[in-house]
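No hydrogens, no waters, no symmetry mates; every other heavy atom, side chains included, goes into these values.
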There are 2 protein chains.
Amino acid sequence: MPKRVDHGERRKLIADALMRVAAERGLEAVSLRHVAAEAGVSSGMVQHYFRTKDEMMTFALSVVRDRSEARVTRAVSALGDEPSPRTLLRTMLTELLPLDEARRADGRVALAFLAFTAVRPAVAAGLHQESAELLAFIAGQIRTAQAAGATQTRVDPDRAAVALLAVMEGLGVYLLGGHYPPETALAALDAQLDLLLGPEPAAQRGRAAPPRRSPAP
Amino acid sequence: MPKRVDHGERRKLIADALMRVAAERGLEAVSLRHVAAEAGVSSGMVQHYFRTKDEMMTFALSVVRDRSEARVTRAVSALGDEPSPRTLLRTMLTELLPLDEARRADGRVALAFLAFTAVRPAVAAGLHQESAELLAFIAGQIRTAQAAGATQTRVDPDRAAVALLAVMEGLGVYLLGGHYPPETALAALDAQLDLLLGPEPAAQRGRAAPPRRSPAP
DNA sequence: CCGATTACGTTGCAACTGCAATGCAAAAAC
DNA sequence: GTTTTTGCATTGCAGTTGCAACGTAATCGG
């Protein structure tokens, strides 16, 4: 074998460039040459690692998914042991909202891919599984919160989970569209959590998000 | 003046073709020639009515908006005089969900435009106004429902309106992605209305939507 | 040392893109 | 009846697209 190169690393490099292009100018500006230029490589190299554009797009979509998942797990693991369902859910969902420029960029890409997969259903397979898992997890958290007796109004946990995830997605879409500022979205999200789990403990009130252990290196 | 032609009519004809193309193959497949072919006209004619592609896109976006607005007003006006806030809200929001193929097609186009405007903020101006009006209306309905004493848990109407609209948008996105069937979305929407306005009157239970006066001509 | 294999870079091509330019027919204005 | 304005079709062009083809340099197994 000749010059050994980490295939996955190169592919991720290219996918990152693709996401930068997509975040700035939309998916329709994603071409082999643009991505190559953004990544600072030749377009031949892009073709070397992705035999077709579709393959590149599919891979990039999986990177988007992985990245948001990593974001969530990192934020959640920073919560310490056995956080309350409310804290856990709030942390997860706020982490997925486009509240700063980094997440806005990711959000624009995700939204573009959402529209993309709506027309090419074959690519969307992985997304279904992820949202199903997320829904199951949220429903579980709501269930344990209800078992702890925090709420007076019992709601079906599965339906509540679907609604809660939809709230998050909808808020994200409207935030990306600039329809209202982040505070409005956060207020609505908290109101929704109040509805589902009862009013939040006074200790947490006003905290935008739990503090990070350390900034990314 | 020569051969008189209804300008607006032609433009709408072309915009309809554009939406058909966008619904089937995405906005990235929208080109002058594709749209012209779909509309059954020459590409020169398209250029005659839209001097630039951007002008055509902007107009099509406004048509999308008008169409969904018309859908809502038609469904609402079929409700009769002074429907309850809950019936009104449910009718409006259900009408906006992609529950049948016609609305799915519209939804795909709307989603594509959402991603489109997220990258070209200049085009999004009209959308902000529309969502602001919708939010104000929803908040008003929630307020009157609360004044009627239907709910025990008082929630801030403005936040509740933001959350409710976000639920609808999020459900729409997930429906378009095929993440769950329409029944799941409807169940979640009803659960949300239960949360905000209290449990629904037994008379309405299980009705998917109020019957239409007459099918479209 | 040597074919074989891998990692690129370069070039080329047919198809497509938005758009300008031109042509022309019909009908209203005069 | 001529002129002028409008509606629309055709053609052409420069730029971009995805992709195949070919080239070359490096590096390993033998």
Checklist entry - What residues in residues 16-36 of chain A put a non-hydrogen atom under 4.0 Å from any atom of DNA chain D? => result V30(A), S31(A), L32(A), R33(A), H34(A)

Item to check | Cation over ring face, R11(A) and Y49(A), 6.0 Å, 45° | outcome: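 Here R11(A) fails the 6.0 Å and 45° test against Y49(A).
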
Item to check | Contact under 4.0 Å: H48(A) side-chain N or O vs dC8(C) OP1/OP2 | outcome: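 No, because none of the side-chain N or O atoms of H48(A) sits under 4.0 Å from OP1 or OP2 of dC8(C).
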
Checklist entry - Below 4.0 angstrom from OP1 or OP2 of dC8(C), is there any side-chain N or O of R10(A)? => result yes

Checklist entry - Can you find a pair of side-chain heavy atoms, one from M92(B) and one from L134(B), that are under 4.5 Å apart? => result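 Result yes, sub-4.5 Å side-chain heavy-atom pair found.
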
Got a donor-acceptor contact below 3.5 angstrom from the [X] side chain to the [Y] backbone?
{"X": "T117(B)", "Y": "R120(B)", "result": "no"}
{"X": "R20(B)", "Y": "V35(B)", "result": "no"}
{"X": "R65(B)", "Y": "A60(B)", "result": "no"}

Checklist entry - Nearest to the side chain of K53(B), which nucleotide is it out of dT10(D), dA9(D), dG18(C)? => result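 Shortest atom-to-atom distance from the side chain points to dG18(C).
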
Item to check | Aromatic plane relationship, H179(A) with Y174(A) - under 30° parallel, 30 to 60° tilted, over 60° perpendicular | outcome: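 It falls in the perpendicular class, over 60°.
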
Between [N] ([atom2]) and [X] ([atom1]): distance, integer Å:
{"X": "M45(B)", "N": "dT6(D)", "atom1": "CE", "atom2": "C1'", "answer": "13 Å"}
{"X": "D6(A)", "N": "dC8(C)", "atom1": "CG", "atom2": "P", "answer": "11 Å"}
{"X": "R51(A)", "N": "dC19(D)", "atom1": "CZ", "atom2": "C1'", "answer": "13 Å"}
{"X": "M56(A)", "N": "dT17(D)", "atom1": "CE", "atom2": "C1'", "answer": "12 Å"}
{"X": "Y49(A)", "N": "dC8(C)", "atom1": "OH", "atom2": "C1'", "answer": "8 Å"}
{"X": "I14(B)", "N": "dC8(D)", "atom1": "CD1", "atom2": "C1'", "answer": "11 Å"}
{"X": "R11(A)", "N": "dC8(C)", "atom1": "CZ", "atom2": "P", "answer": "13 Å"}
{"X": "Q47(A)", "N": "dT6(C)", "atom1": "CD", "atom2": "C1'", "answer": "17 Å"}

Checklist entry - What residues form a side chain to side chain contact (heavy atoms under 4.5 Å, CB included) with D66(A), not counting sequence neighbours? => result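 Here no residue qualifies.
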
Checklist entry - Reckon F50(B) touches a base, only the sugar-phosphate, or nothing at all at heavy-atom distances under 4.0 Å? => result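 Contact class for F50(B): none.
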
